[in-house]
Amino acid sequence: TTAEAVYRFISGDTEFIEEHTALADSEIECEILAECYLNGIGTDMDEEKAHEYHSKAEALEAKLKAEAQAWTEKMLKNIKNRASSNNEER
């Protein structure tokens, strides 16, 4: 995708392959946007606001990762419980 190609360029990781999941896509798109702001591309935002935006984006990314981790753990627990219940019924 275009995001994948741009991310390869800005990160220097020419082997990067996009996962195409909502969280992973939003993470690389956030990094691309932050890079644009920090370099003044496509915006009239000054450097101070760009750094402020970048800090907020990093905080949001951390929050999303924590929420995704909690959700994943909850789903894995549910799957294990169901598997255990199914084994007991047999």
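What you see is a predicted model, and the numbers here were worked out from it, not measured in a lab.
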The criterion is salt bridge (charged side-chain N to carboxylate O under 4.0 Å, His left out); which residues satisfy it with Glu67, sequence neighbours excluded? Lys63
Would you name the heavy atoms of Glu4 and Glu18 that are closest together and state the gap between them? OE2-N, 2.6 Å
Please identify each residue that fulfils ring-ring contact (aromatic ring centres under 6.0 Å, His included) with Phe9, with sequence neighbours left out. none
Per the salt bridge (charged side-chain N to carboxylate O under 4.0 Å, His left out) rule, what does the pair list look like for residues 72-83, sequence neighbours excluded? none
Atom pair [atom1] ([X]) and [atom2] ([Y]), whose distance is rounded to the nearest 0.5 Å:
X	Y	atom1	atom2	value
Glu19	Ile28	CD	CD1	9.0 Å
Ile10	Cys36	CD1	SG	7.5 Å
Leu33	Ser26	CG	OG	12.0 Å

My understanding is that a hydrophobic cluster links ILVMFWY residues whose side chain heavy atoms are under 4.5 Å apart, including indirect links. Using that, what else belongs to the cluster containing Met75? Trp71
What residues form a side-chain contact (heavy atoms from CB on, under 4.5 Å) with [X], not counting sequence neighbours?
X	value
Glu58	His54
Thr72	Leu76
Glu31	Tyr7
Ala68	Leu23

Any residue meeting side chain to side chain donor-acceptor pair (under 3.5 Å) with Glu35, in chain and number order, not counting sequence neighbours: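 By the side chain to side chain donor-acceptor pair (under 3.5 Å) rule, Glu35 matches Asn39.
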Quick one: does Arg8's side chain have a donor or acceptor within less than 3.5 Å of a partner on Asp13's backbone?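 Checked: no pair found.
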